[in-house]
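First listed ligand is number 1; within each ligand, the first listed atom is number 1.
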Amino acid sequence: MSQFFALIPAAGSGSRMGNELPKQYLPLCDRPMIYHAIKTLSNNRSIAEVFIVLAPDDTHWSQYDWSEFSQKLTVLHCGGATRADSVLNGLTAAQQQGLINPQDWVLVHDAARPCLTSDQLDKLISELASDAVGGLLAVPVADTLKRSNGDNHVKQTESRDNLWQAQTPQMFRYELLTRALQNATNINVTDDASAIEALGLHPKLVPSDAYNFKVTYPQDLALAELIIQKRNHP
Ligand code: CTP
Ligand code: MG
């Protein structure tokens, strides 16, 4: 039987956030942001273990109390220069520790998506557990899309037919994902699915919603705070 694992790459610096403290540790409802993703993933009955990939020189993680998750948490200090490097290094470290088998599923989730719900997670797992390739949560594009000519003037309007915004978790089997990321070292992949696509495969898009957005800029933090607060105090 294949097992399900979560892997959270958390070795970024949050340059677009513009704060000295890496984004994943910024306070969100009295917790470091990454806490919220860990909680949702580790609460899921299907998920056997949550791997956290930190930068090798991370000095922040150990300043918090993670004991409520100790049953399911494995911390790996092997983050790399890019998100893809961090994911690949984390997969390799987990395998070297004998924790994961080739056909096990890995759900890769950004530390910066704190508003993931357990319903979205359940849906992803149930829609993909018997899929040949795997897939990701995603949302159909809602806004009208403009392509600029490079100086903030519209060159043309792009059709949004069949366009989706990729989210995480992105769920693939260990062996396929590892092979895809190893193959993709020379291409700029900003998510796991694009490495899979580079092998000529077609990940499944599992409809999600805008609540699972990525906290990237300072104003995103206030929005995430409102969403989580409302959930905690309906
Ligand atoms: N990430 C990582 N290793 C890197 C870069 C990013 O593990 N070398 C992680 C981030 O910590 C985050 C996720 O990948 O959980 C998504 O990345 P992003 O939102 O782009 O975060 P940052 O790279 O930290 O932010 P920025 O791009 O603004 O610098
Ligand atoms: Mg980044």
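Closest to atom 21 (O) of ligand 1 among all protein heavy atoms lies K23 NZ, 3.3 Å. Here the heavy atom of the protein found nearest to atom 22 (P) of ligand 1 is G14 N, 3.7 Å. Atom 13 (C) of ligand 1 has as its closest protein heavy atom D110 OD1, 3.4 Å. Among all non-hydrogen protein atoms, the one lying nearest atom 14 (O) of ligand 1 is R83 CG, 3.4 Å. Nearest non-hydrogen protein atom to atom 20 (O) of ligand 1 is R16 NH2, 3.1 Å. When only non-hydrogen protein atoms are considered, atom 23 (O) of ligand 1 lies nearest to G12 CA, 4.2 Å. Atom 9 (C) of ligand 1 has its closest protein heavy atom at P9 O, 3.4 Å. In this structure, atom 8 (N) of ligand 1 lies nearest to the protein heavy atom G80 O, 2.9 Å.
Ring pair Y64/Y25 is parallel by interplanar angle, where below 30° counts as parallel and above 60° as perpendicular.
Heavy-atom proximity to S13, at under 4.0 Å, picks out these atoms of ligand 1: 24 (O). For ligand 1, the atoms sitting less than 4.0 Å from at least one non-hydrogen atom of S86 are 2 (C), 3 (N), 4 (C), 7 (O), 8 (N), numbered in the order shown with element in parentheses. Close contacts of ligand 1 with A81, meaning ligand atoms under 4.0 Å from a residue heavy atom, involve 8 (N). Annotation for ligand 1: atoms under 4.0 Å from non-hydrogen atoms of A111 are 15 (O).
In this structure, Q170 contributes its side chain and A193 its backbone to a donor-acceptor pair below 3.5 Å.
Heavy atoms of V53 come nearer than 4.0 angstrom to ligand 1 in no pair at all. Not a single heavy atom of T216 sits less than 4.0 Å from an atom of ligand 1.
Residues R83 and D192 are paired through a salt bridge, judged by an N-O separation under 4.0 Å between the basic side chain and the carboxylate.
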Given the rule in the side chain to side chain contact (heavy atoms under 4.5 Å, CB included) test, do Y174 and Q3 qualify, once you have shown the distances and angles that lead to the verdict?
CA-CA 10 Å; Y174 171 86; Q3 286 193 288; over 6 Å; no
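Hydrophobic side-chain contacts under 4.5 Å tie W164 into a cluster, directly or through other members, with L136, L205.
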